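Okay, structure first, notes after.
Since we're looking at a predicted model, the values are computed, not measured. No hydrogens, no waters, no symmetry mates; every other heavy atom, side chains included, goes into these values. All ligand and atom numbering here is 1-based and tracks the order in the structure.
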Amino acid sequence: MQFIETRGNDGKKPKGVTFSEAILSPSASFGGLYVPQSLPNLDKDFLNSHLSSHYKTLALEFLRAFDIDIETDVLKEALKRYDAFDDPSNPVPLVQIEEDCFVSELYHGPTRAFKDMALQPFGYILSNLAQNRDENYLIMAATSGDTGPATLETFKNQNNVKVACLYPDGGTSDVQKLQMVTEDAKNLKVIGVKGNFDDTQHTLKNLLASEDFKSELKERGIKLTAANSVNFGRIIFQIIYHIHSYLELVRKESIKMGDKIYLVVPSGNFGNALGAYYAKKAGLPIEKILIASNVNNILADWINSGSYDLTDRVLIQTTSPAMDILKSSNIERVMYDKFGAKRTKELMDALESEGKYKLSNEELSSLQEDFVATFSNDEEGEAVIAAYAKKGYIMDPHTATCTKAYNEPREKRLPTVIYSTAEWTKFSSTVSKALGHMAKDDMEALKWVTENANVSVPPMINSLFSKSIVHTVVVDKKSIKGEMLNFL
Ligand SMILES: *Cc1c(COP(=O)(O)O)cnc(C)c1O
């Protein structure tokens, strides 16, 4: 399988690359992204043959059908990471909350957010590639709270890869911060940045653009790569759980093989939704993908009107911070798939120079064949959390945006899978508030919610509060380079 470029080729980079190359250097010509030249076929035969497959077996066969240049033994080893999830026999449980509504819980991994689904196996594969090539990589991540912990966790003590993770000091939940600053391994560095997530991202961008930082890396023989969802090595693992959710519905006899369903995806950078889109395109019977946003509803505007406009927007902080985003990277891959490289480059160039673009009516209709979109504000989210807590199901604020979307009128009454991307324990203060108690910090919120709702806190969250803090550095933008060079 070759991987090609969303904005066409600049004559310097190769026209097509292997999977390994696409994940080790994920940036394509003109600032574009890599996409697979074709997709495996998820026809009825494939689906029927995996009706009783374990998640790992389904994943392995899917990856093999993708024909990527990673050996089967390496893939098998990577997929063993799912054995450390809560229930090794089924790492992604599907829980019914309404007659026709099912929650696919993607958060049963080590850091309690869906980032583990992809980053866990991806981390193993990347380190393995680096070792085979005898190369050393640095991954720099700016995080609003979920990517950081998941990236640190997957690479800790892995050979030939170092991770530096920047977080906004005061801009994450207590639990998210503890997950990062207590992560103890020689190859990991965690740095707080004074300011909000925007400042953090900015600091990282400047550092990555700095010529003397690049030459320092070169001198040390270190290559840079990225572990965010522009990396196709993450997207490939985010197609699999959509297939799994569908098969779970068939196994539960909630649908018959071939019946169509809706998927509801809480979206930010659109990696999760892109996985759903690829699954649909490959043949999984999906009626539509419902995109749920918070009040940073640029994706809802894009899907409902065809207009992507940054010019009159400022980022609003919400209680679903993983969806607080204005530049959503992965929609570029959808546009490439529908409109081709030339048009994608044109649209992305317009976004760069004018801060906006608008799809034609035809293009918009094509987008709406696959996607529907809606959004909710924090109050609506809290109301949903409270309402479902009464029915016995506790969910986090990101999941609440999906549940709100599910409860809105839809074209057809079809069974619906909503994706739960974080465990409530990562956002306990918001959940506690929704249930009527203002907690003074996460520790108290966790305690109050467990005492007042029928849920427990998993050991990896409880133990955070007694672990020692190993990363104490908080810097302003100027001191970041020095900190990084010390680490390297
Ligand atoms: C990352 C994240 C999202 C957004 O996912 P995308 O793939 O970036 O759209 C939603 N919810 C949670 C909890 C996340 O961590």
Side-chain angles (χ1 to χ4, degrees), residues 33 103-120 122 141-154 165 167 171-173 175-176 179-180 197 201 226-242 263-279 289-294 296-300 302-303 318-334 371 373 375-376 378 381 385 395-405 418-428 430-431:
L33 306 174
V103 184
S104 175
E105 297 178 343
L106 299 174
Y107 58 71
H108 288 278
T111 72
R112 318 315 280 174
F114 98 107
K115 302 291 190 282
D116 290 332
M117 289 303 305
L119 273 165
Q120 277 294 314
F122 172 81
T143 184
S144 63
D146 287 335
T147 301
T151 308
L152 295 166
E153 183 66 27
T154 193
C165 175
Y167 68 93
T172 67
S173 77
V175 163
Q176 288 173 321
Q179 284 181 317
M180 293 185 272
F197 180 51
Q201 260 185 324
N228 56 13
S229 63
V230 305
N231 196 313
F232 196 83
R234 275 179 60 179
I235 301 296
I236 200 166
F237 289 103
Q238 295 184 180
I239 305 171
I240 298 160
Y241 51 72
H242 299 291
L263 300 179
V264 192
V265 185
S267 296
N269 233 349
F270 219 72
N272 196 352
L274 178 72
Y277 173 75
Y278 282 146
I289 301 157
L290 275 74
I291 301 302
S293 309
N294 60 30
N296 296 295
N297 58 353
I298 196 156
L299 289 168
W302 180 62
I303 290 162
T318 73
T319 53
S320 45
M323 294 150 70
D324 290 350
I325 197 163
L326 292 180
K327 272 196 180 170
S328 180
S329 315
N330 276 303
I331 63 174
E332 173 166 354
R333 287 183 161 120
V334 175
F371 297 103
F375 70 98
S376 49
D378 286 352
I385 292 171
M395 68 181 77
D396 100 296
H398 302 81
T399 312
T401 65
C402 290
T403 315
K404 156 92 171 16
I418 69 182
Y419 284 101
S420 184
T421 45
E423 188 176 56
W424 70 273
T425 55
K426 285 193 104 168
F427 301 96
S428 55
T430 303
V431 173

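Here the side chains of K426 and Y107 are not in contact, with every heavy-atom distance at 4.5 Å or above.
Side-chain atoms of H398 and Y419 include no donor-acceptor pair closer than 3.5 Å. Looking only at atom types and distance, the side chain of N330 has a donor-acceptor partner in the side chain of S229 under 3.5 Å away.
Geometrically, ligand 1 and G268 share a nitrogen or oxygen pair separated by less than 3.5 Å. Residue N272 places at least one N or O, backbone or side chain, under 3.5 Å from an N or O of ligand 1. Residue A422 has no N or O atom closer than 3.5 Å to an N or O atom of ligand 1. For ligand 1, the polar-atom distance check against A113 finds no nitrogen or oxygen pair separated by under 3.5 Å.
Under a 3.5 Å cut-off, the side chain of N294 and the backbone N or O of S320 do form a donor-acceptor pair. Side-chain N or O atoms of E153 include none that pairs as donor or acceptor with a backbone N or O of P110 at under 3.5 Å. Using modelled atom types, one side-chain atom of T154 and one backbone atom of L119 make a donor-acceptor pair closer than 3.5 Å. No donor-acceptor distance shorter than 3.5 angstrom exists from the side chain of N269 to the backbone of G271, with no hydrogens or angles considered.
Distances from ligand 1 to the non-hydrogen atoms of A273 include no value under 4.0 Å. Residue contact check for ligand 1: S267 places a non-hydrogen atom closer than 4.0 Å to it.
Residue A322 approaches ligand 1 through these ligand atoms, each under 4.0 Å from one of its heavy atoms: 2 (C), 3 (C), 4 (C), 11 (N), 12 (C), 14 (C), 15 (O). The contact set between ligand 1 and D146, taken as ligand atoms under 4.0 Å from a residue heavy atom, comprises 12 (C), 13 (C), 14 (C), 15 (O). Atoms of ligand 1 lying under 4.0 Å from any heavy atom of G271, numbered from 1 in the order shown and given with element: 6 (P), 7 (O), 9 (O).
In this structure, W302 and F371 have tilted ring planes: the angle between them lies in the 30° to 60° band.
The residue among F427, Y419, F270 with a heavy atom at the shortest distance from atom 6 (P) of ligand 1 is F270.
T421 OG1, 2.8 Å is the protein heavy atom nearest to atom 11 (N) of ligand 1. Shortest contact from atom 8 (O) of ligand 1 to any protein heavy atom: N269 N, 2.8 Å. From the protein, the heavy atom lying nearest to atom 1 (C) of ligand 1 is K115 NZ, 1.3 Å.
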Run the numbers on D378 and T319 for side chain to side chain donor-acceptor pair (under 3.5 Å), then give the verdict.
-> CA-CA 6 Å; D378 286 352; T319 53; 3.0 Å; yes

